[in-house]
Amino acid sequence: MMPTGNLDQEIQKVPLLADETGEDQEYEEHPSRTAHEISKDSWVQVCFVLTTAMNSAYVLGYSDAIMVHLGWIAGVVGLMAATALSLYANTLVAKIHELGGKRHIRYRDLAEYIYGKKGFYTVWILQYLNLFMFNVGLIILGGSAIKDVYGLFSDENALKLSYCNLIAGLVCFLFAIMVPHLSALGAWLGLSAVLSSIYIIVAIAVSIKDGINSSARDYSIPGTSIGKIFLTIGAISNLFVPFNSGMIPEIQATVRAPVVGNMMKSLYVLFTIGDLPMFAVMFCGYWAYGSSTSSYLLDNTSGPVWAKALANIAAFLQSIISFHIFACPSYEYLDTTFRSEANGLRLHQKLSLRVVLRGCYLAVSSVIAALLPFIGDFIGLFGSLCVIPLTFVIPHHLYMMAKKERLSSLQKLWHWLNVIFFGVLSVAATIESVRLIVIDSKDSTIFGD
C-alpha cells in the first residue's frame, strides 16, 4: 500500500557515492520529494526488473522487426553490436546517477542538473511519450494474446481485437491498484520470470519443430529496392529497442547502496545472461519461418493447441507486469504531484485517489489501443523519436558534460561520434516510420481487427 504519513517525513536517507567504484561516502537527506520507495531493493531485484522489461511479450515480434529485414549476417552482427553499445550507454547514465552531492532519481532531474530547465522539459516529454507508447503496445500485445486464445477454441470472429485490448487494459488497471510502486513488485517478478519462460520455451520448441518439418525456407529480404532501403533503416533502429527502457535513473533510484556498484552488477547480468532468452526466440523464429515470420511469432507456430494456448495466456499475464514497470515513472509523477495535496486524507481516501489517477492513465492507454490496433507503426515512430535520443544521444552528451574536465580528446571524440551517428539514425528512422504510417493507414480503420 502507499505510505500514509506526511510526505516530508517519508523522504528517506540515501547513500551518496564518492566515485564510480560503488563505495559509500556519506549519507544525506534526499533532495527530491517522491511518494515511491527509494534505496530499498537489492541489485538482484533490480536485475529482475530489467530482465522482465527486456523479455516481455515484445520478444515475440523481434524476429520480424529485426531479422526479416536484415538477414542472418547483418542481423546477428548488428545485434551483437547493439548489445555492446547499449550496455555502454546504460553504464554512462548509471555512473552519473550521483552528481553535485545528490542523487538524481529521475532522468529529467539529471538532465535539469546538466542542461537546465530546457533539458528537464525535453527529457520529460521524450521519456513520457516513449513509456506511454510502450505501454499502449503492451496492451495491444495482451489483447492479441487474448484474441489468439479465443481463436484456438472458437471459429467465430465475435471477439474483436479492440475488445480484447480493452480487457487487457482493465486487467492492467486492477494490477496497478494492487501494486503501488516499482519496489513493491517483489514476488511478481518471480512470477514474471516463470511466465516469460513459458512463452519463450513454447515458442522456441514449436519453432524448432516447424523448422525441422519444413522442406525449405526463404531468407530473402522482402520488398522493392526502395522499400528495402527504408525497411533496413527501420530494422537498424529496432536493433536498439529491445535493450533500452529509457528509465535507467528511475530504476536505479530503487537500488540499495552502493548504488553505482549494484546497478552495474544488474546491467552486467542483464546484458550477458538476461538477454539470452530473447536471442533464442529471435533466432529460432527466423530460422524456422524465414522472411514469412509473423510480427507475433505465435501466429506462425503450428501447435499443439494446448501449447499455443498456454503460451498466449502466459504472454498476456506477463504483459500486465511489464506494463506496470514502464508505467511506474508516470505513476510516480502522479502520486508525488497529488500526494502533496492529499496528506490529510485517510488511507481509504488515498487509495481512492490512486484508483482515479491510474484509472485515467489506463483509460487513455486502453482507448488508444482499441481505436488504433495498427498502432505498431506509431510505436516505431516514437521509438525512433524517443528511444534512440534517450538511450544514446542524450547519455553520451550528458556524460561528456558531467566529466568534461576528466575526459581526453580521444574520449570526447568517441562520445561525439556516438551523438552524431545515433542522431542521424534517429532522423532517418523517423522518416521511415512516417512512411509506414502513411502506407498502412490506407488499409486500416478505427476499431480495426
Side-chain angles (χ1 to χ4, degrees), residues 14-28 30-32 38-39 41-47 49-51 53-54 82-115 119-120 123 126-127 240 243-272 274-275 329 387-419 421-422:
V14 295
L16 298 183
L17 304 180
D19 50 36
E20 297 175 2
T21 64
E23 296 183 357
D24 299 343
Q25 182 182 21
E26 57 179 314
Y27 284 80
E28 176 180 295
H30 197 279
S32 301
I38 302 296
S39 299
D41 303 336
S42 68
W43 73 268
V44 176
Q45 177 161 330
V46 171
C47 186
V49 170
L50 292 167
T51 304
M54 179 178 285
T83 303
L85 290 171
S86 297
L87 172 59
Y88 182 72
N90 279 279
T91 60
L92 293 181
V93 177
K95 288 179 178 179
I96 57 175
H97 184 76
E98 188 275 328
L99 283 176
K102 61 181 180 180
R103 285 175 63 182
H104 302 275
I105 63 172
R106 306 176 187 91
Y107 201 163
R108 60 184 182 274
D109 294 339
L110 178 60
E112 181 181 25
Y113 183 81
I114 299 291
Y115 299 134
F120 176 92
V123 169
L126 289 175
Q127 186 185 44
F240 301 96
F243 305 102
N244 301 285
S245 62
M247 52 181 286
I248 287 296
E250 287 80 2
I251 295 175
Q252 190 171 0
T254 68
V255 72
R256 291 196 296 260
V259 179
V260 172
N262 281 334
M263 191 64 185
M264 295 299 291
K265 289 180 186 177
S266 299
L267 289 173
Y268 289 144
V269 173
L270 174 70
F271 282 95
T272 54
D275 57 4
V387 174
I388 294 178
L390 281 172
T391 54
F392 292 99
V393 178
I394 294 175
H396 278 276
H397 196 265
L398 275 175
Y399 191 80
M400 275 196 295
M401 295 294 289
K403 304 288 185 179
K404 54 186 176 182
E405 297 179 357
R406 299 166 57 183
L407 297 179
S408 66
S409 298
L410 187 60
Q411 289 173 316
K412 290 179 181 179
L413 175 62
W414 161 250
H415 290 297
W416 273 116
L417 287 174
N418 277 276
V419 169
F421 171 77
F422 285 106

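We count residues from 1, following the sequence as given.
Remark: the backbone N or O of Glu250 is not paired with any side-chain donor or acceptor of Thr254 at under 3.5 angstrom. The backbone N or O of Arg256 sits less than 3.5 Å from a side-chain atom of Asn262, completing a donor-acceptor pair. Checking side-chain atoms of His104 against main-chain N and O of Pro249 turns up no donor-acceptor pair under 3.5 Å.
Tyr399 pairs in a side-chain contact (heavy atoms from CB on, under 4.5 Å) with only one of the listed residues (Asn418, Leu407, Ile114), which is Leu407. The residue from Phe421, Tyr88, Phe392 that alone fulfils the ring-ring contact (aromatic ring centres under 6.0 Å, His included) condition with Phe240 is Phe392.
Scanning all heavy atoms of the two residues, the minimum distance from Phe271 to Thr83 falls at CD2-O, 3.7 Å. Between His397 and Val419, the closest heavy-atom pair is N-CG2, 4.1 Å. Closest heavy-atom contact between Ser266 and Trp43: OG-O, 2.8 Å. Contact detail for Ala253 and Ile105: the closest heavy-atom pair is CB-CB, 3.6 Å. Residues Ile251 and Met263 share a closest heavy-atom pair of CG2-CE, 4.2 Å. Closest approach of Gln127 and Leu390 over heavy atoms only: CA-CD1, 3.5 Å.
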Worked check of side-chain contact (heavy atoms from CB on, under 4.5 Å) between Tyr115 and Val123: CA-CA 10 Å; Tyr115 299 134; Val123 169; 5.7 Å; no
Residue pair Leu267, Thr91: steps toward the side-chain contact (heavy atoms from CB on, under 4.5 Å) verdict: CA-CA 8 Å; Leu267 289 173; Thr91 60; 4.1 Å; yes
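Between atom CG of residue Asp41 and atom SG of residue Cys47 there is a gap of 12.5 Å, rounded to the nearest 0.5 Å. Separation of atoms CE (Met401) and CG (Leu99) is listed at 11.5 Å; rounding is to 0.5 Å. To the nearest 0.5 Å, the span separating CG on Leu126 from OG1 on Thr391 amounts to 10.5 Å. Taken to the nearest 0.5 Å, the CG atom of Leu398 stands 11.5 Å off from the NE2 atom of His415. With rounding to the nearest 0.5 Å, the separation of CG in Leu87 from CG in Leu270 is 8.5 Å. Once rounded to the nearest 0.5 Å, the distance linking CG of Asn90 with NZ of Lys95 reads 12.0 Å.
Residues Ile248 and Leu50 are in side-chain contact: their nearest non-hydrogen atoms beyond the backbone lie under 4.5 Å apart. Within the 4.5 Å cutoff, no side-chain heavy atoms of Gln411 are placed close to those of Met400. Looking at Glu98 and Val260, their side chains never come closer than 4.5 Å, going by heavy atoms from C-beta outward.
Among residues two or more places apart in sequence or in another chain, the side chain to side chain donor-acceptor pair (under 3.5 Å) test is passed with Glu112 by Lys117.
Between His396 and Trp414, the ring planes lie perpendicular to each other; the angle is over 60°, past the 30° to 60° tilted range.
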